[in-house]
Amino acid sequence: MIARIAENCFWLGRYLERAESTARVLQMTGQLALDAELSAEHLWTPVLAIFGERRAFTERRGVEREADAEDVQRFMTWEETNTSSLLNTLSAAREAARTIREVVSKECWEVTNELYLWLLGDAGREEYEHSRYGFFQHIRRMVQLCLGLFRSTMLHDTPLDFIWLGVMLERVGQTARLLDVHHHVFSGMHPGHPVVETALWLSLLRACSGFEPFMKSHSGRVTGDAVASFLLFESRFPRSVHYCLDSAYRYLVRLCPPDADAQLPGRRTLALALPLLAELRPQALASPDATVHALLTRMVEGTAELCSLISEEYFGRSAASAPQVLGTQVMAG
Amino acid sequence: MRQLPHDPGLFAGYGLMPGSFDELIGADGVPRPDFQRLLALLGTRVPEDFSRMQALAERALLNQGVTFSVYSDQRGTERIFPFCLIPRLVSASDWAHMERGLEQRIRALGLFLDDVYGPQRLFSERPELRDIILNTALYLPRLRGIRPAGGVRIHIAGIDLIRDGRGTYRVLEDNLRTPSGVSYVMEGRILSKRVVPDVLELARVRRVDHYPARLAETLRSVSPESPEHSTVVILTPGPYNSAYFEHSFLARTMGVPLVHGEDLFVDDDRVFLRTTRGPRRVHVIYRRIDDAFLDPESFRPDSMLGVRGLLRAWAAGNVTLANAPGNGVADDKATYAFVPDFIRYYLGEQPILEQVPTYVCAREEDQRYVLEHLEELVVKTVDEAGGYGMLMGPQSTREEREDFRQRILAHPRRYIAQPRVELSTCPTWDAASRTVVPRRVDLRPYILTSPQGPWVLPGGLSRVALRAGSYVVNSSQGGGSKDTWVQKEAV
């Protein structure tokens, strides 16, 4: 397929996944605020950290506004100068889809376009003002509808592989940062109050759409370590770091099969992906000086490296001209 | 204004526009015999229904992104081309006449282009035409002597037709370069099927949805390779082009890649596509970018849209470009005046379709007449499209006429003039007054030409001037569109 189109497919997947994830995290944090006895600071500052936008926010709004629920939500939803805002990610997704309209199915394009028009029109603003939960829910549903339509209305061929590659790699980063930030915040507070602690870990699972899957696989026993392991290693859970990276690896193999012509691009990307995936086992945390944070940092950085290599090998971008990877910053340990 | 005598419902109170031929309603105020049943059925819709259907249709167009881009805005504002649900109907016999006339015109224009870029026999017989015809930037002398692969030059044409006050169809303009709008024809039909299926069914309308397949077949038929082993692509200037929706529509419905200039490269006079699996040979390019931007090596060196070396590959016969470069010399507004002569000269036939009498200011006696009659004439700049650069004599001010007089004297070749033709009207929904009103329309049928000859899509784009009293049907200036229903022959 045409390199430019492959690139647009990849970014379409990434932007949509990012928008869904952003909407989900904002929605869940808003819910958590209603029943967890946490300060606004403990609730909303991590949100900015998850998306790697904390510095951008404080530069524009000031440090003291970090704890302001409305400010953080507005910044992550409507801020034009914030590349990670829903406004920008959904506009970018729609622009990518428009550029490759002949590649994505009509149904997918229409959902992306409708969502964009809704967000930019009065209906979106009104929903935001009057029903915050409904606003985020609408975005999530439309994105998920689109992701489902990809699978059920498009040829299962190279363009779709690039879309899912984008979705999966974006998801690796999202889950890893979410886990990293929360692990950091939760581990440092409320020592020994199991009920509060449990509520926090459950909210983290909800922020990853992982509450029910976790409960099913752990028969309701919630501990911080179990949640971290689940989000890192659970190969049956579609948002675990392992699942996403493994899935991305499979797409990379499809794009560059082992028996293919040696001239085909993609070999270097594959060579980078394989050891990264191999590191992602429970044993990686076995040694006493290994930390969840170190492993997550490794995964986030490795994924970013993988993305720029994909850019180079498949899209013909030099490392310098590759589009900036969204929110690659990791919370300082 | 005359009122319909006894027709209730939607068309009650419809008043004909004096001096205009109405497409659907006769001068006696009664629907034309061919369309009576349909209009009666459509007339049963109450304005409330109609308002709602109209809103639904426009919302569907917006959600589906059936839009054109407006250049003025940096963020790339897109607008829908407003759509009127009341169709424009064409009787089977009118269509048969038009179809023959269009085929004839396209054959003659094709032969004219072959001649201009070949032996130029015409000028030995009509030497006075040489300067008028060749004196346009649209004639590309460096292409002389090149025979395009497949032999066809006008693969896709859009011929603008109007109907005068007596109902005679007249050609207004030939578009032989990158005529657009065919996607709105198909999207319009989809809307008709959705909102007035009963009427559409009763009308026995000829289908238009096979156009993309016919286009793909036509493009493959002129490939330098065997059709089944040919790669066809559409070349677009990109998402910011006003017709991008159409480019992607055609690519999607034909199942061929939509490419940007940067996706293609030329090696050894052959064209290749950059893919994730290495270079892939391209045989036919339906290009939607202008000649001037096609190849920075041959034309504008600053073009970022084109492909370096493309013209060499075309001249070598290794790739087909549709439409062929250089076609502009045949759809120039001054050349237009002589198309009936071409039909007689190249085909030895009498022209089937009328056209609008045209004064070519490059000819002295025409110029004199034009300058003396500016108040009655419509003056057009030959190299401007979309209703720009026009003087509407009857509505002009003294200053405007003086301005055009000076312009004509300075550059006579740039101007032509025509008597104003009363465009026909068609009943059209007016959202503001929630009534049906007469609005002026034109018609752009599309003609595909393969080595076997031309084929006309039954229907075409009916553009409508939505503003009361307006003659301007262009999308960029507040026009809208209607579905064109060509009726099947009676069985």
Side-chain angles (χ1 to χ4, degrees), chain A residues 1-10 80 87 91 94-118 120-121 123 142 154-155 157-159 161-162 165 252 254-257 260-266 269 310-311 313-317, chain B residues 58-69 75-80 183 186-187 190 212 216 231-241 243-265 272-280 282 286 288:
Chain A
M1 75 183 292
I2 299 169
R4 173 183 53 79
I5 290 175
E7 183 171 23
N8 274 299
C9 286
F10 180 75
E80 288 198 22
L87 176 76
S91 298
R94 190 267 183 176
E95 194 51 34
R98 191 169 97 89
T99 306
I100 52 168
R101 261 198 75 170
E102 74 288 0
V103 176
V104 296
S105 70
K106 190 174 176 184
E107 288 92 333
C108 295
W109 153 253
E110 280 183 27
V111 169
T112 316
N113 192 41
E114 266 187 67
L115 178 54
Y116 165 84
L117 294 172
W118 176 84
L120 261 67
M142 291 291 271
M154 284 179 61
L155 276 182
D157 201 356
T158 319
D161 289 347
F162 274 106
L165 186 61
L252 290 170
R254 273 172 63 111
L255 293 170
C256 179
D261 180 351
Q263 298 297 309
L264 265 187
T269 308
I310 288 170
S311 232
E313 281 202 289
Y314 285 107
F315 313 148
R317 300 264 178 192
Chain B
E58 296 195 350
R59 197 197 161 107
L61 289 175
L62 191 63
N63 280 340
Q64 289 163 26
V66 184
T67 53
F68 62 92
S69 307
R75 206 168 179 173
T77 307
E78 295 152 47
R79 262 193 246 150
I80 63 163
S183 55
M186 281 166 285
E187 290 290 345
I190 290 168
T231 296
V232 177
V233 301
I234 299 178
L235 175 61
T236 174
Y240 296 103
N241 184 268
Y244 187 72
F245 162 72
E246 176 152 305
H247 306 163
S248 61
F249 176 92
L250 290 174
R252 192 155 43 83
T253 50
M254 287 162 67
V256 307
L258 180 63
V259 308
H260 296 191
E262 60 180 285
D263 301 329
L264 297 174
F265 69 96
F272 295 91
L273 192 54
R274 288 177 220 278
T275 82
T276 51
R277 302 208 148 199
R280 174 174 164 199
V282 170
Y286 177 20
R288 295 294 297 253

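Letters go in sequence order (proteins before strands), and every chain restarts at 1. The figures here come from the full heavy-atom set of this structure, side chains too, leaving out hydrogens, waters and symmetry mates.
- Side chain of B:D263 to backbone of A:I5: no donor-acceptor contact under 3.5 angstrom is found.
- For the set B:R252, B:E262, B:M254, the entry with the most heavy-atom pairs within less than 4.5 Å of chain A is B:R252.
- Between B:F249 and A:E102 the shortest side-chain heavy-atom distance does not fall below 4.5 Å.
- Looking only at heavy-atom pairs under 4.5 Å with chain A, the residue among B:R280, B:H260, B:R274 that has the most is B:H260.
- Counting heavy atoms from C-beta on, the side chains of B:V259 and A:I2 come closer than 4.5 Å.
- Of all heavy-atom pairs spanning B:T276 and A:A3, the tightest one is CG2-CA, 4.2 Å.
- Counting heavy atoms from C-beta on, the side chains of A:M1 and B:T275 never come closer than 4.5 Å.
- Heavy-atom pairs under 4.5 Å with chain B peak, among A:R4, A:E313, A:E114, at A:R4.
- Interface residue B:L258: backbone and side-chain heavy atoms are both found under 4.5 Å from chain A.
- The contact between A:F162 and chain B is made entirely by side chain atoms (from C-beta outward), counting heavy-atom distances below 4.5 Å.
- Here the closest non-hydrogen pair linking B:L62 and A:L117 is O-CD1, 3.5 Å.
- For the atom pair OH (B:Y244) and CZ (A:R98), the distance works out to 7.0 Å, reported to the nearest 0.5 Å.
- The minimum heavy-atom distance between B:G65 and A:R101, with the atom names listed, is O-NH1, 3.3 Å.
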Distance-only check: which donor-acceptor pairs under 3.5 Å involve side-chain atoms of residues 103-111 of chain A, not counting sequence neighbours?
residue, atom, partner, partner atom, Å
A:S105, OG, A:C108, N, 3.4
A:S105, OG, A:T153, OG1, 2.7
A:W109, NE1, B:Q64, O, 2.7

